[in-house]
Amino acid sequence: MKPVWDRESLCQFAKAKLSDYLFIIVSNREPYIHSYQGNEIKCEAAVGGVTTALEPVLSAIGGIWVAHGSGDADKVTVDSQNKLMVPPEESRYTLKRVWLSDREVNDYYYGFSNQALWPLCHAVDIKPLFDGTQWDTYRKVNEIFAQSVLEEIKHRKALVFVQDYHLALLPRLIKRASPETAIVQFWHIPWPRQKAFQICPWREEILNGLLGNDLLGFHTVRHCRNFLTTVNRTIAESKVNYEKAEVTVAGKKTEIRPFPISIDFEQLSKEAQSVEVKEEIERLRKELNLSDKFVGVSIDRLDYIKGIPRRLMAIDRFFEKCPEYRDKVVFIQVTVPSRTEIPSYRKLRENIDALAERINLKHGFGDWKPIITMVGPVPTTTLAALRSVANLCIVSSLHDGMNLVAKEFVASRYDSDGVLLLSRFAGAAKELDDALLVNPYAIDHLAASIKEALEMPRIERYRRMRRKRSIVRENNIYKWAADIILELVKLM
Ligand code: ADQ
């Protein structure tokens, strides 16, 4: 077996390469949120791809994480510089909180980030809304974050790692004030085709903001190429070198590279073999009546890009076409609500609830319900148990930067069993081409793939899962971080 990156080797590598640098991560969402529960203060780790991916990285390297303080007890848990050490019992790095008013959050986060940029980059059912007030606030909030980061840098040699589409203007603001600072940004969502991006009235400002980076990373080569073409057609004075994948504007160069994000494979694989997960599997089998059933599982943040309604329609179609599977298969749909302030997200939840109920009424009988829904943040032990107990896992995003759930499923299957149905339009499909690749828009095709997964011979399941496991084991989250650091060091 090839040697693989782990927390320890990443830590040593980062120390060797970056020991002279102050390492700063900047993201909208904080990795730890403090909130009041009665008179008590509770500290919760945030749910979502970004935190899942970066927590182990900063824990390994140490440094500062600058993020919006969104919890109602966040202000009373920081020191006079808005800082505290996290994770709570381990104190491995500093979390520095940035404060925003409700109105700023509304216009910058729920507004421009999630009703303009998110739909613009995913180009699925929901169309972007471009609102001048929301854009002005987005700019202002990027300036607030920049100020907070610059206070830390002062005259130190620093490396700033910016996360995602909430902070597209930040790299330029930092670069302008501190040209020596090395800046890299990872864009966790797709970059759309050039034509799709042209509808954004502030496209030039956004691109100029991003071109303040020394290095800009996307999940896939396709997203990188889309970005290069967008710059080429939008910024008149840009020089785009497709072969080298770099952009130069007024002498400033930005490298564009694919870095497919991943997970902590060994940790998840080990977790799946733990006594706690085994006990949880037994509990779920009993409580949900799963013992003599095939189990399908899906785990999603509640978002329209994840394709949940079409997936449920495909399940409906599957039972229509294969009535012999009634009472033999149970689909567990786990969703964690997100962005509930946005009407389209609230509507989506109602739509999913109504669809699941209709399908259960249509096909269910006796004690058997074809679809079991679980809503809310679910403990990691339960998620691990669900991934372990499942015969198949369905990831049917309409468009997704990567999708970590697909990789988490693979990591949990130390038994090399289980079938992954994976959307062709999720970044993960590029690496995990041994999954059953599906078109999430075509519900008959998806229904047929469910049948194929249930009937796949054991030897075929093992062959496919073993190959996927070796890919994710090698290309884990530590390699993702190491590859970014390596690329950046070349530029410094
Ligand atoms: P998301 O779309 O939020 O982020 P995704 O890759 O789908 O991220 O991962 C979601 C994470 O949340 C997974 O780790 C999953 O286990 C967890 N999760 C889901 N439901 C949960 C529940 N009910 N309870 C607890 N945890 C739950 C964006 C992009 C993705 C990209 C990531 C990382 O949209 O395409 O993969 O960033 O770059």
Side-chain angles (χ1 to χ4, degrees), residues 25 27-29 31 44-57 113-114 117-124 161-166 185-192 217-220 222-223 258-265 267-268 271-272 280 297-308 332-339 345 349 352 372-388 390 393-412 422-423 425-432 472 475-477 480-481 484:
I25 287 180
S27 69
N28 170 68
R29 189 195 295 237
E44 261 179 310
V47 171
V50 178
T51 318
T52 308
L54 287 171
E55 163 79 2
V57 177
S113 298
N114 285 313
L117 285 176
W118 179 267
L120 179 69
C121 290
H122 286 94
V124 292
F161 189 1
V162 184
Q163 302 305 315
D164 236 347
Y165 58 99
H166 315 92
Q185 183 160 21
F186 190 76
W187 193 263
H188 289 259
I189 63 176
W191 190 272
F218 294 96
H219 291 296
T220 67
R222 180 188 296 245
H223 301 157
F259 300 106
I261 206 166
S262 195
I263 50 157
D264 189 341
F265 178 90
Q267 196 258 323
L268 288 174
E271 182 191 30
E280 185 63 0
V297 73
S298 290
I299 300 167
D300 309 88
R301 195 170 47 70
L302 206 149
D303 196 300
Y304 51 85
I305 66 156
K306 305 291 180 185
I308 306 170
I332 303 174
Q333 172 65 56
V334 186
T335 39
V336 60
S338 65
R339 306 174 195 168
Y345 284 74
R349 171 146 184 208
I352 291 169
I372 297 174
T373 51
M374 293 184 187
V375 179
V378 169
T380 51
T381 312
T382 307
L383 290 182
L386 286 168
R387 292 191 296 260
S388 302
C393 172
I394 312 179
V395 173
S396 58
S397 310
L398 304 178
H399 199 185
D400 215 332
M402 175 53 67
N403 195 293
L404 294 175
V405 175
K407 293 187 173 182
E408 288 163 351
F409 178 64
V410 169
S412 291
L422 177 59
S423 166
F425 310 122
K430 200 82 206 125
E431 291 166 275
L432 304 180
V472 184
N475 298 288
N476 63 18
I477 184 63
W480 175 79
I484 293 177

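Just so you know, ligand 1 is whichever comes first in the structure, and atom 1 is the first atom listed for that ligand. For reference, positions follow the sequence shown, starting with 1.
Nearest approach of L268 to A411, heavy atoms of both residues: CB-CB, 3.8 Å. Minimum heavy-atom separation, S388 to A272: OG-CB, 3.9 Å. For the residue pair I261 and K407, the shortest heavy atom distance occurs at O-NZ, 2.7 Å.
Taking every non-hydrogen atom of P377 and a distance limit under 4.0 Å, the qualifying atoms of ligand 1 come out as 24 (N). Residue-ligand proximity, V334 to ligand 1, at heavy-atom distances under 4.0 Å covers atoms 23 (N). Shown in contact with E408 at under 4.0 Å from a heavy atom are these atoms of ligand 1, numbered in order with element: 13 (C), 14 (O), 15 (C), 16 (O). Residue-ligand proximity, R301 to ligand 1, at heavy-atom distances under 4.0 Å covers atoms 1 (P), 2 (O), 3 (O).
The closest donor-acceptor contact from the side chain of Q185 to the backbone of D164 lies under 3.5 Å. With hydrogens and angles disregarded, a donor-acceptor distance shorter than 3.5 Å links the side chain of S338 to the backbone of L302. Although no hydrogens or angles enter the test, the distance criterion places a donor-acceptor pair under 3.5 Å between the side chain of H399 and the main chain of H122. Using modelled atom types, no side-chain atom of T220 and backbone atom of G427 make a donor-acceptor pair closer than 3.5 Å.
Taking the side chain as every heavy atom from C-beta outward, R387 and V405 never approach each other to under 4.5 Å.
For V336, heavy-atom contacts with ligand 1 shorter than 4.0 Å involve the backbone as well as the side chain. Residue-level proximity to ligand 1 for L383 is carried by the side chain, the only part with a heavy atom below 4.0 angstrom. In L404, the parts holding a heavy atom less than 4.0 Å from any atom of ligand 1 are both the side chain and the backbone. Only the side chain of W118 comes within 4.0 Å of ligand 1, counting heavy atoms alone; its backbone N, CA, C and O stay farther away. Contact annotation: for K306 versus ligand 1, heavy atoms closer than 4.0 Å belong to the side chain alone.
Between R387 and ligand 1, a contact under 3.5 Å exists for no N or O pair. Ligand 1 has an N or O atom lying under 3.5 Å from an N or O atom of V378, backbone or side chain. Considering both main-chain and side-chain atoms, G401 comes within under 3.5 Å of ligand 1 through a nitrogen or oxygen pair. By the 3.5 Å distance cut-off applied to N or O atoms, I189 is not counted among the residues near ligand 1.
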Derivation of the side chain to side chain contact (heavy atoms under 4.5 Å, CB included) call for Q163 and F186: CA-CA 5 Å; Q163 302 305 315; F186 190 76; 4.1 Å; yes
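Using a 4.0 angstrom heavy-atom cutoff, G376 counts as in contact with ligand 1.
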